[in-house]
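Just so we're clear, the structure is a prediction, and the values are computed from it rather than from any experiment. Note on naming: letters A, B, ... go to the chains in the order of the sequence lines (proteins, then strands), and numbering restarts at 1 for each one. We use all heavy atoms of the structure for the numbers below, so side chains are in, but hydrogens, waters and symmetry mates are not.
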Amino acid sequence: MDLSRLAELTPHSWKSGRSILYGSSSLIEAMDEKVLEQISNVSRLPGLVGAAMTMPDAHWGYGFPIGGVAAFDAEQGGIVSAGGVGFDISCGIRCLRTSLKKEDLEKGKARIAEVLFRKIPAGVGEGGRIRVSSEELETIMISGAKWAVDSGYGNAADLEYVEERGRVCGANPAFVSDLAKKRQFGEMGTLGSGNHYLEIQVVDRISDPAAAKAFGIEKDGILVSIHCGSRGFGHQIGTDYLVLLARAAKRLGLSLPDRELACAPIRSPEGEQYLGAMNCAINVALANRQILSHLAKECLDAVFPGILVETLFDVSHNTCKLEKHVHEGREKMLHVHRKGATRAFGPNHPDLPQRYRECGQPVIIGGSMGTGSWILAGNEDNPAFCSASHGAGRAMSRSRALRQYEGRKIVEDLAQRGILIRTRSMRGAAEEAPDAYKDVELVAEDTERANLARRVAHLSPSVCIKG
DNA sequence: ATGTAC
């Protein structure tokens with residue numbers, strides 16, 4: 001991206017019209033011009049409050065850039081957009097802390113890789129062993145991770161450390177198509193494909209000891225991170241509502257800068273229907289990660305008997321949420337779209353569990369396959385409607401990565417470095433090559449320098465089950 | 001992201 005088109009606000013934020021791009025000049029320069037074009041389009045949608053923003057890990061997406069944040073006010077004709085949430089609704093990361101230490105893991109590393117690979121359903125169309133009835137699915141849509149806990153997957157203590165305590169309000173199954181429901185019956189408790197993974201990680205650097213203590217992590221400790229979403233269910237809702245919202249925009253005469261930005265006023269039948277369906281998908285994703293956490297725990301217990309596994313936190317990064325924010329000195333209820341962006345509540349936020357009230361919400365930046373990840377903590381004066389980066393962010397398209405890399409070689413190279421990848425798709429491994437992503441170190445550093453969140457601990461991968 | 005593509 002050509003920096004001369006942007007006004008430098010700070011060394012880590014750049015402005016163009018009503019858009020703000022967060023990140024240092026090197027990350028912004030490396031971004032596709034499309035990111036600026038897309039976020040500028042978003043900034044012209046009705047009812048936007050403040051600026052449309054991109055996080056340091058942003059890249060080109062469908063309509064909205066991935067790494068995009070935009071808040072809309074229903075009282076000012078604000079809109080909701082399916083492209084502003086993404087197809088994988090409520091995709092996110094569940095992070096588990098364990099009582100295991102680095103040296104204990106080494107002894108059982110190959111074994112846990114095999115057990116996880118056998119037990120965690122992963123890959124395109126890979127169904128799980130769990131079958132739910134249509135009545136159960138209705139309950140899942142309303143109760144999210146709470147349904148999973150009530151059904152024996154995990155325990156109530158987990159829910160305390162899941163965004164919205166495992167269940168969002170406003171879910172309305174009546175607005176979900178039969179096709180979306182049908183696609184989910186066999187997919188509860190499955191990882192999916194693409195950038196999804198289940199990874200065992202070693203805490204190898206602590207940069208904020210106080211927050212690390214609150215998060216219950218220490219150097220050489222072992223964490224498990226599960227990155228996945230709402231599978232075919234959310235995808236189908238996204239597909240269904242792109243059509244419906246485009247029709248609504250046309251009917252209401254909204255002029256859209258890009259047809260991929262199909263949207264409708266929050267206060268319109270279609271807007272309300274989308275939000276009702278999207279909230280069902282959030283709950284499905286939260287239930288999915290709860291089940292997967294339980295399965296992972298069973299695997300860990302089989303290989304490391306007596307291991308303690310607790311939920312550190314569960315963050316979604318593809319959502320639209322109604323939240324209270326202070327803008328220009330006034331309190332407002334806003335619909336905040338975060339597409340490939342993590343919510344990052346700061347210290348003293350009333351929605352945080354007591355344990356994290358003082359240090360702020362755990363913010364997870366999931367790295368690419370074989371590279372590191374970061375855990376950060378939310379700041380009280382976050383400038384982006386309490387949002388932060390969600391991952392390394394792609395630097396290269398999937399098709400280009402596929403041309404450039406060979407999956408098997410990527411997996412072998414990582415094995416040489418002691419990182420065990422288990423996948424059913426070598427094509428996926430090529431698409432997910434570490435170098436097809438931005439440098440997660442730069443993303444985490446810029447996230448901190450832009451005041452979006454502050455770094456707490458660096459994690460390095462040890463075992464990774466890829467979708 | 002996706003029972004991977006109108």
Side-chain angles (χ1 to χ4, degrees), chain A residues 38 57-68 81-94 121-128 130-132 137 176-198 226-243 246 259-260 262 277-278 280-282 284-286 288-289 292 315-320 337-342 366 368-369 390-394 396-403 407 423-433 436-437 465-467:
Chain A
Q38 289 191 321
D57 56 338
H59 56 105
W60 175 12
Y62 183 91
F64 279 56
I66 293 158
S81 167
V85 173
F87 282 93
D88 191 5
I89 298 168
S90 196
C91 180
I93 299 182
R94 166 77 70 110
V124 179
E126 190 69 20
I130 297 159
R131 290 285 175 276
V132 293
L137 188 57
V176 176
S177 68
D178 288 341
L179 182 56
K181 292 172 189 169
K182 190 177 146 212
R183 285 181 66 171
Q184 197 58 24
F185 288 129
E187 290 194 334
M188 289 310 300
T190 64
L191 200 56
S193 64
N195 61 6
H196 292 169
Y197 58 78
L198 185 154
I226 301 168
H227 177 209
C228 67
S230 50
R231 306 289 283 109
F233 184 82
H235 192 272
Q236 190 60 47
I237 289 172
T239 305
D240 292 342
Y241 277 91
L242 277 176
V243 178
R259 57 181 289 274
E260 292 186 356
M278 183 210 60
C280 289
I282 292 183
V284 165
L286 293 175
N288 195 31
R289 288 198 289 276
L292 285 164
V315 288
S316 293
H317 48 230
N318 280 0
T319 58
C320 175
H337 292 69
R338 295 189 185 90
K339 180 190 194 177
T342 295
S368 55
M369 182 177 70
H390 81 306
R394 288 201 81 88
M396 190 188 288
S397 70
R398 289 188 175 277
S399 53
R400 197 175 142 201
L402 204 53
R403 283 197 301 275
T423 179
R424 288 172 183 85
S425 168
M426 284 306 160
R427 177 199 162 120
E431 289 181 356
E432 291 291 312
Y437 281 80
I465 310 302
K466 271 303 267 188

Query raised in the report: Under 4.0 Å between a side-chain N/O of A/Ser193 and OP1 or OP2 of B/dT2, yes or no?
Result: yes

Requested in this report: Could you tell me which residues satisfy side chain to side chain contact (heavy atoms under 4.5 Å, CB included) with A/Leu198, sequence neighbours excluded, listed by chain and number?
Outcome: A/Leu116, A/Ile120, A/Leu191, A/Val224, A/Ile226, A/Ala296, A/Ile465

**Report entry** d(OH, A/Tyr62; P, B/dT4) in whole Å
**Finding:** 19 Å

Query raised in the report: Base, sugar-phosphate alone, or nothing: which one does A/Gly234 contact when heavy atoms must sit under 4.0 Å apart?
Result: nothing

Report summary line: Here the distance between atom P of B/dT2 and atom OH of A/Tyr241, to the nearest Å, is 20 Å

**Report entry** Residues that A/His317 engages under side-chain hydrogen bond (donor to acceptor under 3.5 Å, both in side chains), provided they are two or more places apart
**Finding:** A/His227

Query - Residue mapping more 5' on DNA chain B - nearest nucleotide basis, A/Arg427 or A/Arg398 - result: A/Arg398

Report summary line: Rounded to whole Å, CD of A/Glu187 lies from P of B/dT4 at a distance of 11 Å

Query - Integer-rounded Å distance: B/dT2 P and A/Ile237 CD1 - result: 14 Å

Report summary line: Rounded to whole Å, CZ of A/Arg231 lies from P of B/dT2 at a distance of 5 Å

Query - Atom-to-atom span, CZ of A/Arg424 to P of B/dT4 - whole angstrom - result: 17 Å

Report summary line: Heavy-atom closest pair (A/Gln184 atom, A/Leu137 atom, distance to 0.1 Å) is CG-CD1, 4.1 Å

Query raised in the report: Please give, in whole Å, the distance from B/dT4 C1' to A/Leu402 CG?
Result: 12 Å

Report task. Quick one: sort the A/Phe87 and A/Tyr62 rings into parallel, tilted or perpendicular, breaks at 30° and 60°. Result -> perpendicular

Report task. Determine the contact category for A/Leu179: base if any of its heavy atoms lies under 4.0 Å from a base atom, sugar-phosphate if only primed atoms, P, OP1 or OP2 are that close, otherwise nothing. Result -> base

Query raised in the report: Rounded to whole angstroms, how far apart are CD on A/Glu432 and P on B/dT2?
Result: 11 Å

